[in-house]
Amino acid sequence: MNPKAAPSLDGIEITAPVPPEFAEILTPEALAFVAKLHREFDARRRELLARRAERQKAFDAGAWPAFLPETKHIRESEWTVAPIPHDLQDRRVEITGPVDRKMIINALNSGAKVFMADFEDATSPTWTNIIQGQINLRDAIRRTIRYESPEGKVYTLNEQVATLIVRPRGWHLPEKHIRIDGRPASGSLVDFGLYFFHNARELLERGTGPYFYLPKLESHLEARLWNDVFNFAQDELGIPRGTIKATVLIETVTAAFEMDEILYELRDHAAGLNCGRWDYIFSFIKKFRNKPEVLFPDRALVTMTTPFMRAYSQLCVKTCHRRGAHAIGGMAAFIPVKNDPEANARAFEKVREDKLREARDGHDGTWVAHPGLVPVAMEVFDAEMPGPNQIHRKREDLVVTADDLLRIPEGPITEGGLRENISVGVQYIASWLRGVGAAAINNLMEDAATAEISRAQIWQWIRHPKGVLDDGRKVTVELFETLLDEEMAKIRERVGDAFFAQGRFEEAAKLLADLATSKDFAEFLTLPAYDLLD
Ligand SMILES: CC(=O)SCCNC(=O)CCNC(=O)[C@H](O)C(C)(C)COP(=O)(O)OP(=O)(O)OC[C@H]1O[C@@H](n2cnc3c(N)ncnc32)[C@H](O)[C@@H]1OP(=O)(O)O
Ligand SMILES: O=CC(=O)O
């Protein structure tokens, strides 16, 4: 791009305030770049979303996902992804977190190898969060970031920090405050475009690069769209193709059948795949919600050792290693428990077990949600993985079939499980509406993906003829509403009247009730919730 040419801002409209510090991100050049991405790719994005809806109709009519016959040659031929840069070779522990200023500093300083800065499920996409997040990342990359807490504690970066990877929003999410040619811009292209425009060169000059996590892909065609976006963006800024490196979250059941194809589409840009386990569970329930055979037990009973989950994570390892890419594990939702040493020790042990299984299965690294968990995961991977990664372990012994990927978990639905889904759903949505996209609830990390599981389960249990509690009661709208009232009373008692009144709990409960009881299943809770956000 010629920096001297005046960018055209025709057709670009910003419907939210732009104070001077936001204007440093929303420069005419950066906005023109985002608009170019939009004009080139938004129609395809919308076509791919329509394709998702068509596929849903086929699942509702009885079809199941399968390994695609038309891409057999990709699965069966030998090829590898392009070489992985030096600072993504060792990814044994990755910490994730929202693009909050203090947390960015804490995460980069945490001792983890990688920090995944999240514009997606850990961030409530208020206008301030999104644009301030870009400011925070810009300053972190240039090492000028500083934060002073209300108590006067000053935060700055250590000499040695984690490698930065950014997760833009998924293809389904709009950015309602930026309209281009009369349409809301894509959240993915806004997050990617602003970050890439402002930072790609700076990152390269500092010896790293523009690295991304790509969420919620449902097919290799969606990966192809990202690849085309990357090529276009690199050409526009005069950066060699292949500079961007992307790790794709395998967090939809349809993507699990297209892991080879996704890596193939992105082969010049692919760094690996990651098992986004919470969204994966959500996707499984969502895609098959209308199938009589599919009914999940309580959320707490579906874990990484449940056969369909284990099958998909093992297939991820095998696929990645055959293609020379990293297979990153997933998130243990346990976080440190304050003021209860026994519960804290149990949480750490759960995380340790989870990471040990991942390391032994062949994963090259894993996710943690909290700096306090970095040493636990690090210790496990240091003991199990002496080299920077274990891509050499090809795991040819593993055979994972379509049936393995589609094995339905079994187990009871309990009143406790229903109550937990209701309580967590309300508390998380209320937090999101207050502008906080990741929250500690009942000593677990909850983000958009975990709340999606909760509300999807309630919806399905109400509708499925076998949605029956282990004490014989059918889950109905009436039972849901009774328990919702009771859980709301408990939340009120716990948080106090004043916070309850201002904490958006009533709106959250209404939204949860709409999501759980409406005839149609909402694709993502963050879409109707976004209408309630500034
Ligand atoms: C399913 C998925 O998509 S997973 C990926 C997306 N989800 C996430 O990234 C969630 C990340 N985790 C978090 O946001 C947080 O850990 C929470 C919200 C769960 C808990 O946060 P808190 O309640 O602040 O925890 P806690 O009080 O124990 O924090 C202690 C310190 O660690 C910091 N901290 C906690 N988690 C993180 C994190 N992930 N990154 C950076 N710093 C963190 C806090 O800011 C706090 O810092 P301070 O002592 O300097 O003030
Ligand atoms: O994005 C991660 C997940 O587990 O979902």
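Just so you know, ligand 1 is whichever comes first in the structure, and atom 1 is the first atom listed for that ligand.
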> Please determine which of Arg357, Arg393, Arg360, Arg352 meets the salt bridge (charged side-chain N to carboxylate O under 4.0 Å, His left out) test together with Glu384.
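Exactly one candidate clears the test, Arg360.
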
> Would you please name every residue forming a ring-ring contact (aromatic ring centres under 6.0 Å, His included) with Trp171, sequence neighbours left out?
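Expected list: Trp226.
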
> List ligand 1's nitrogen or oxygen atoms that come under 3.5 Å of a protein nitrogen or oxygen, with the partner atom and distance.
{"residue": "ligand 1", "atom": "3 (O)", "partner": "Arg167", "partner atom": "NH2", "Å": "3.0"}
{"residue": "ligand 1", "atom": "3 (O)", "partner": "Asp447", "partner atom": "OD2", "Å": "2.7"}
{"residue": "ligand 1", "atom": "7 (N)", "partner": "Asp447", "partner atom": "OD2", "Å": "3.2"}
{"residue": "ligand 1", "atom": "9 (O)", "partner": "Thr96", "partner atom": "O", "Å": "3.4"}
{"residue": "ligand 1", "atom": "9 (O)", "partner": "Thr96", "partner atom": "OG1", "Å": "2.6"}
{"residue": "ligand 1", "atom": "9 (O)", "partner": "Gly97", "partner atom": "N", "Å": "3.2"}
{"residue": "ligand 1", "atom": "12 (N)", "partner": "Ala369", "partner atom": "O", "Å": "2.8"}
{"residue": "ligand 1", "atom": "16 (O)", "partner": "Ala369", "partner atom": "O", "Å": "3.1"}
{"residue": "ligand 1", "atom": "27 (O)", "partner": "Lys338", "partner atom": "NZ", "Å": "2.4"}
{"residue": "ligand 1", "atom": "28 (O)", "partner": "Lys338", "partner atom": "NZ", "Å": "3.4"}
{"residue": "ligand 1", "atom": "28 (O)", "partner": "His370", "partner atom": "NE2", "Å": "2.8"}
{"residue": "ligand 1", "atom": "29 (O)", "partner": "His370", "partner atom": "NE2", "Å": "3.4"}
{"residue": "ligand 1", "atom": "39 (N)", "partner": "Thr96", "partner atom": "O", "Å": "2.8"}
{"residue": "ligand 1", "atom": "39 (N)", "partner": "Ala369", "partner atom": "O", "Å": "2.7"}
{"residue": "ligand 1", "atom": "47 (O)", "partner": "Asn106", "partner atom": "ND2", "Å": "3.1"}
{"residue": "ligand 1", "atom": "50 (O)", "partner": "Asn106", "partner atom": "ND2", "Å": "3.3"}
{"residue": "ligand 1", "atom": "50 (O)", "partner": "Tyr155", "partner atom": "OH", "Å": "2.6"}
{"residue": "ligand 1", "atom": "51 (O)", "partner": "Lys102", "partner atom": "NZ", "Å": "2.6"}
{"residue": "ligand 1", "atom": "51 (O)", "partner": "Tyr155", "partner atom": "OH", "Å": "3.4"}

> When you check ligand 2 against the protein, what N or O pairs turn up below 3.5 Å? List the atom names and distances, or just say none.
{"residue": "ligand 2", "atom": "1 (O)", "partner": "Arg167", "partner atom": "NH1", "Å": "2.9"}
{"residue": "ligand 2", "atom": "1 (O)", "partner": "Glu251", "partner atom": "OE1", "Å": "3.0"}
{"residue": "ligand 2", "atom": "4 (O)", "partner": "Arg277", "partner atom": "N", "Å": "3.0"}
{"residue": "ligand 2", "atom": "4 (O)", "partner": "Trp278", "partner atom": "N", "Å": "2.8"}
{"residue": "ligand 2", "atom": "5 (O)", "partner": "Glu251", "partner atom": "OE1", "Å": "3.4"}
{"residue": "ligand 2", "atom": "5 (O)", "partner": "Trp278", "partner atom": "N", "Å": "3.4"}
{"residue": "ligand 2", "atom": "5 (O)", "partner": "Asp279", "partner atom": "N", "Å": "2.7"}
{"residue": "ligand 2", "atom": "5 (O)", "partner": "Asp279", "partner atom": "OD2", "Å": "3.3"}

> Nearest 0.5 Å please: distance from the OG atom of Ser313 over to the CG atom of Leu398.
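That separation rounds to 9.0 Å.
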
> With sequence neighbours excluded, tell me which residues meet side chain to side chain donor-acceptor pair (under 3.5 Å) with Arg492.
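Arg492: side chain to side chain donor-acceptor pair (under 3.5 Å) contacts with Asp497.
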
> For Trp64, is the NZ or CZ atom of Lys291 found under 6.0 angstrom from the centre of its six-membered ring and inside 45 degrees of the ring axis?
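The answer is yes, since Lys291 meets both limits relative to Trp64.
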
> Nearest 0.5 Å please: distance from the CG atom of Asn443 over to the CD1 atom of Ile335.
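It comes to 6.5 Å.
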
> Is the positively charged end of Lys176 above the ring of Tyr530, judged by distance under 6.0 angstrom from the centroid and angle within 45° of the axis?
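So Lys176 does make the cation-pi contact.
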
> May I ask you to check whether over 12 heavy atoms, not counting those of Phe41, lie within 6.0 Å of atom CZ?
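Result for CZ/Phe41: enclosed.
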
> Can a donor-acceptor pair be found, under 3.5 Å and without considering hydrogens, that links the side chain of Ser431 to the backbone of Ala439?
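Such a contact is absent between Ser431 side chain and Ala439 backbone.
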
